[in-house]
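These notes concern the structure reproduced below.
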Amino acid sequence: MFEAVEGNPSFPAMEEAVLRFWGQHGIFERSLERRRQRNRGRFVFYEGPPTANGLPHPGHCLTRAIKDLFPRYRSMRGYLCERKAGWDTHGLPVEVEVCKELGIHSKQEIEAYGVEPFIHRCQQSVWRYMQEWERLTERLGFWIHLDEAYVTYHQSYVESVWWSLKNLFERGLLYQGYKIVWWWAQGGTALSSGEVGQGYRQVADPSVYVRCPLVDEPQTSLVVWTTTPWTLPSNQFAAVHPELPYAVVEDADGSRLILAAALVEQLAGKLQRPLVQRALLRGSDLVGRRYVPPFDYYYRSLSNRQGRLREGGLEHVAWRVVPADFVTVDTGTGVVHQAPAFGEVDFEVLLREQARFLPGEGPELICAVAPDGTFTAEAGPYQGRWVKDADRDIIRELRSRRLLLHQEQYVHDYPFCWRAEEDPLIQYPRRSWFIRTSQFKQQMLANNARIQWLPEHIRDGRFGNFLETNVDWALSRERYWGTPLPIWVCEETGYVEAVGSYAELLAKPDVQGTEVWQQAKARYPDLPEDLKVHKPYIDAITYASPRAPGKRMRRVSEVIDCWYDSGAMPFAQWGYPHQGRERFAQQFPADFISEALDQTRGWFYSQLAISTLLFGEGMAAGPDAPEAPYPHPFRTCIVLGLMLGEDGQKMSKSRRNYREPQEIFDRYGADALRWYFFANQPPWTSIRYSEQAIRDSIPELLLRLWNVYSFFVIYARIDGFDPAERLAGQLEQLSPAELARGAGYRPLAQRSELDRWILSELHRTTAAITERMDAYDNYTACSRLAAFVDALSNWYVRRSRDRFWSGEQSADKIDAYWTLYECLLTTCKLAAPFVPFLSESLWQNLAVAGTAGRTVESIHLCDYPEADPAAIDEVLSQQMQLVRDIASLGRSARTSARLKVRQPLARVEVVLADPRHRAWLEAHAQIVAEELNVKTVELAERADQYVTYTVLPDLKRLGPRLGKRLPALKNALASADAAALLAELEQHGRILLTADGQQIELGKEDVQVRLAAKPGWTAAHGPSAVVVLSTDLTPELIGEGWARDLVHLIQSRRKELGCAYTDRIAVGLADASPQLAEALQQHSGYIRRETLAVELKMQAIEGVEPVEISLGEETLRLYVRLAERPDGA
RNA sequence: GCGCGCAUAGCUCAGUUGGUUAGAGCGCAGCCCUGAUAAGGCUGAGGUCCCAAGUUCGACUCUUGGUGCGCGCACCA
């Protein structure tokens, strides 16, 4: 038998109990074991590793909730969905966090502190945060194997990454080049974009307009503009937009200038003299023209150097006009000075130019600045000067050489070092390791095209665009806590090798330096083995160079971008290919992943890029890199919107615009939070954290379902409806087929219409939810589930109450129990992926306790319900909906007539728009009568006295047929007599109209009839019907109304007096008018029955405090006294 | 600045190939139930669907251009 149910449940406490139950019985494990045995195929999920740095906030709960939902759902659908957790542990954020602890900043300070203790601290810091995340993960009900998590700093993981890098290296895809970084010259370090972003300030820089004379036409000059004069000595090109118009203008002194036509007037204004246009040309006409740069430090030796182009022919390597799309005419001159060493965009221009030449023949990077921010010897007189300080002298020199056309102040935002406020950052080239991803752009796009993105626009929008503009992946980082780049270089010859594992390294000839790790291990016995593949230990390992006898191979100093770590996760989580080959084969690619939008350029990209390069179609990347058909490594990706704080701002701890997850769990519970995430919006819309909305998700589903469940258990216990007795033998999941074996269980066809209706709704809902969830549409699925629970609670249970209350154990009553039982069980299963805790609680009582433990132990071991088409009765659904609509319209009519439902009315007339369900409705008039408290219900199709008709064209049908004649037809229909049209339609099955001088024939399907209540009637109209109330009140009706009002008031009084449900009372009424007293006397049987009154007298009761009440216009005194209290009450 | 997205009721958000009367929840107002009861239900008020132009017989929906907001990339010669 079921256990008694609390009326006022504490969901958080319940959830804690469920968590304990899952833990003690290993339910997650067993749910997997079950599917493993069934062997219906896999559903592969990848956990995008959270950065184990910083504490989780509600936004992370959303990600983790979605990541739980679909694997749970698919598991219940029979798929084996293994879920391996993972942690992203490397990277700058961890280093910054440790630096904060240590109160240090720069790389020098880290070195001074010691790399070894520093990375020990990094590793420990990561562990602390991982534990916080694990707690959250469990409490949210996110089922994932935390104790088998992959961790990016583990040796096996690092070695997988090494393997992949070696693969790329040996295919020539890993190379060294320059990367333009934001460089803090004084500190000698590059800054991350996050750090740069913090340091922007508005400053006024000098801006100069400089002449660059054309080589073959020295009287004509390009005019370039720059706000960084110190980059001019390193000039390599001038860029123009090929599509823009450029003007050749004549200056006052007769010389000629070239600049964008749109900016001539502006420049003339600045110069305060006219510039006369002499010619107009397109940017593309300028491309290839050579010019003389402002400084000749490089020009004097290289001006005539030419290189061979790939497509044949020769070209000068530098100081010519090149085309570039980024050139605009917003500021400057439309001719852009290019110093590729000091701008990322400029650098890309250089790369593009280099690519046009045969290898080794194109332009080399020119850089007249040293890493400390001073000019090199190449910059002649400026050598040793800090570049920003040299600006003024550079300008002076330009002026004296008559190259300076104009100078002014330019106010703009410019980044400074966030730690040394006076130090401006400069863009600066650094040697860096790259992966040749741009070479695989087409393959990445082809792979991307096959991925199912939700929302769809990510594919060709944000993500697709990003791939289109792909540049080679700058892989290396000059940092400490990260996967070491597995590249060893010969100290003599520069010969380079990549190493694919630690063992491979140890097998190299004459390995030295392993003792550094041994000693560290001896010093700190607790040191995790994994650290031996990290800095500084790995740096110590050298081996004999195969190219230079007696010389050593030494590792480069860099570590790699931690995004590469995460992107390698599909294979590295298994340690592939050094181990886990089988696991990888089973679990690649993923069917489903999900992260927030900010991962577009992060994990979504890193995965796709690595997977395409290693396993792409036609890649033939070696024996351990099997070619796989697209898409991979994931087939479907839900891109979640970002979550904002309560105030619509970014969530931030200091602003306190959200609540800590743990507090949410304690107040409302994980199910409430989950339901709020799943049911309130499609997952990709950006979502605003709302405490109120979380609170509201409790009554919307959780409490409503709980109430139905509680109702069921209360009456099942009273009536002794006990599945344990009624169901013999072994039970599994209490599926419909199993329930059908139950004693007293009757086939659907024999049950009442209401039962058939709710079961039809149940199966319709099941079909809809599975269809939607298969399409990853949790939002619609949730609304269907909520709608069903609403129908169950507010129509089925309400209309069935007296069946449960009736005294005898009729077959109909047992039907009601079986029906409600089945509805509850199925609903729980349907809801289980969404609200796993509540579902489990209900299952524990309804199924496990209810059958004395003969079912499966947990709802999460059950299969997801499947809709039985035979149980679905669409017509009945429509019919019941119609009744509910009519009841609603009737109440609306009552409200407008100010006739409360307690006042009985003689009759209601229902005019139907569509006669199809008329007969059925006539048979069910009783329901309408009860719901509306009327004596009789009459149905009509035509009732011209109450209703006006409008005949409207069916635009969807007629639009294509009639086109422009549609408005004329509309008018013709509107001006015609609707009643006559209907009559014609009924007689001939068609109507003939003249519109625009042409005759149009309309069939029944071409029009819609709409009806509306005529004014003056108490009526309400909707699309399906008009409901007209008779408002005439007879003395009998009024008397009955009084009686019902009185019952209501006595009930209130009982409650005030603290009566138990079963207490009997005595009622006295005084000061009633004669008519009132007589009417109440007449209904005294009804009144006493409803209020459990043993006596009802028309007089005061001694010693009882009366209350003044009013019935209609009348007032009287009500006396209520407790008469008897039955035993046990 | 460039790219992507969003803009619908007081608030938070739906709106499914363009079709006649644009929905929900919360909040608000009124009412009902009182044997699921510190719950529950019903009804109602409330909208220039951001603006403008275009396509169309017809636009909340499609196109273009604005405006505002969010995010990403940059910070610009």
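Here is the naming used below: chain letters follow the sequence lines, and residue numbers restart at 1 for every chain. Keep in mind that this is a model prediction, so the values were computed, not measured.
W805(A) comes within 4.0 angstrom of the backbone, heavy atoms only, and of no base. Nucleic acid contact class of Q427(A) (heavy atoms, under 4.0 Å, all strands): sugar-phosphate only. At a threshold of 4.0 angstrom between heavy atoms, the contacts of V5(A) with the nucleic acid are absent. If you check every strand for non-hydrogen atoms under 4.0 Å, P953(A) touches a base. If you check every strand for non-hydrogen atoms under 4.0 Å, H457(A) touches sugar and phosphate atoms only. Y715(A) comes within contact range of the sugar-phosphate backbone alone, with a heavy-atom separation under 4.0 Å but no base atom that close. Residue contacts for N707(A): at a heavy-atom cut-off of 4.0 Å it reaches a base atom on one of the strands shown. If you check every strand for non-hydrogen atoms under 4.0 Å, S690(A) touches nothing. Across all strands shown, G959(A) has heavy atoms under 4.0 Å from base atoms, whether or not it also approaches the sugar-phosphate. Residue V797(A) is classed as a base contact, given a heavy-atom separation below 4.0 Å to a base.
Within the shown strands, rU67(B) is the pairing partner of rA7(B) under the Watson-Crick or G-U definition, both distances less than 3.5 Å. Using N1 to N3 plus N6-O4 or O6-N4 for Watson-Crick, or N1-O2 and O6-N3 for G-U wobble, each under 3.5 Å, rU16(B) pairs with nothing. Across all strands shown, rU21(B) has no partner, as no Watson-Crick or G-U wobble contact with both distances under 3.5 Å is found. Across the strands present, rG35(B) finds no partner; the criterion is a Watson-Crick or G-U wobble pair with both atom distances under 3.5 angstrom. Checking rA59(B) for Watson-Crick or G-U wobble geometry (two distances, each under 3.5 Å) identifies no partner in any strand. With a 3.5 Å ceiling on both atom-pair distances, rC75(B) lacks any Watson-Crick or G-U wobble partner. rG47(B): no Watson-Crick or G-U partner with both key distances under 3.5 Å is found in any strand.
One P atom belongs to rU56(B), the other to rC71(B), and the distance between them is 40 Å to the nearest Å. Between the P atoms of rG54(B) and rC60(B), the separation comes to 15 Å (whole Å). rG19(B) and rU63(B): their P atoms are spaced 15 Å apart (whole Å). Using atom C1' as the reference point in both rU61(B) and rC49(B), the two lie 10 Å apart (nearest Å). Distance check on atom P: rU16(B) versus rU34(B) gives 42 Å, rounded to whole Å. Straight-line distance between the P atoms of rC62(B) and rG15(B): roughly 12 Å, to the nearest whole Å. Rounded to whole Å, the C1' atom of rC73(B) lies 37 Å from the corresponding atom of rA9(B). Atom P of rC13(B) sits at a distance of 15 Å from the matching atom of rC50(B), rounded to the whole Å.
Separation of the F342(A) and F347(A) ring centroids does not fall under the 6.0 Å cut-off. Checked against a 6.0 Å centroid threshold, the rings of F678(A) and Y779(A) do not count as neighbours.
Following rounding to the nearest Å, E348(A) (CD) and rA77(B) (C1') show an atom-to-atom distance of 14 Å. Atom-to-atom, CG of L842(A) to C1' of rA36(B) comes out at 14 Å; the value is rounded to the nearest Å. Rounded to whole Å, atom C1' of rA77(B) lies 14 Å from atom CZ of F342(A). Here the P atom of nucleotide rG70(B) and the CG atom of L597(A) are 15 Å apart, to the nearest Å. Summarising the geometry, the separation between CG on L966(A) and P on rG18(B) is reported as 16 Å, rounded to the nearest angstrom. Here rA24(B) presents its P atom at 12 Å from OH of Y779(A), a figure rounded to the nearest Å. Atom-to-atom, CD of Q692(A) to P of rA24(B) comes out at 19 Å; the value is rounded to the nearest Å. Counting to the nearest Å, the P atom of rG41(B) and the CZ atom of R799(A) are 17 Å from each other.
Aromatic ring pairs are classed by plane angle as parallel below 30°, tilted from 30° to 60° and perpendicular above 60°; the pair W706(A) and Y709(A) is perpendicular.
For the pair K900(A) and rC32(B), the criterion of a side-chain N or O lying under 4.0 Å from OP1 or OP2 is met. Listed pair Q1051(A) / rU37(B) fails the phosphate criterion, with no side-chain N or O lying under 4.0 Å from OP1 or OP2. Distances shorter than 4.0 Å separate some side-chain N or O of N794(A) from OP1 or OP2 on rG41(B). OP1 or OP2 of rC76(B) has not a single side-chain nitrogen or oxygen of T227(A) nearer than 4.0 Å. OP1 and OP2 of rA39(B) both lie 4.0 Å or more from every side-chain N or O belonging to S793(A). At rG41(B), one or more side-chain N or O atoms of R704(A) fall inside 4.0 Å of OP1 or OP2 (strictly under the cut-off). OP1 or OP2 of rC75(B) lies within a sub-4.0 Å distance of a side-chain N or O belonging to W182(A). Close to rA36(B), at under 4.0 Å from its OP1 or OP2, lies no side-chain N or O of Y709(A).
Residue order along RNA chain B, read from the 5' end via each residue's closest nucleotide, puts Q681(A) first among V1047(A) and Q681(A). Comparing R965(A) and I714(A), the nucleotide of RNA chain B nearest to each residue sits closer to the 5' end for I714(A).
Side-chain to base pairing of R891(A) with rC42(B): no donor and acceptor N or O lie closer than 3.5 Å to each other. With hydrogens and angles ignored, no donor-acceptor pair closer than 3.5 Å exists between the side chain of R601(A) and the base of rC73(B).
Side-chain contact, Y605(A) with Q599(A): no donor N or O sits under 3.5 Å from an acceptor N or O. Judged purely by distance below 3.5 Å, without hydrogens or angles, the side chains of D460(A) and W453(A) never pair a donor atom with an acceptor atom. Defined by atom type and a distance below 3.5 Å, a donor-acceptor pair is present between the side-chain atoms of W675(A) and E700(A).
In this structure, Y817(A) contributes its side chain and Y715(A) its backbone to a donor-acceptor pair below 3.5 Å.
H241(A) places none of its side-chain heavy atoms less than 4.5 Å from the side chain of P323(A). Residues R1044(A) and Y1086(A) form a side-chain contact, since some pair of their non-hydrogen atoms from C-beta on lies under 4.5 Å apart. At a threshold of 4.5 Å between non-hydrogen side-chain atoms, the residues W473(A) and S606(A) count as touching.
Each of rU20(B), rA77(B), rC71(B) was ranked by its minimum atom distance to the side chain of L952(A); first place goes to rU20(B). Checking rU20(B), rG40(B), rU34(B) against every side-chain atom of D954(A), the shortest atom distance belongs to rU20(B). Here rG19(B) is the nucleotide among rG40(B), rA36(B), rG19(B) with the atom lying nearest to any side-chain atom of L955(A). Listed nucleotides rC57(B), rA77(B), rG40(B) differ in distance to T228(A); the shortest reach to its side chain belongs to rA77(B). Nearest to the side chain of T226(A), among rA77(B), rC26(B), rC75(B), sits rA77(B).
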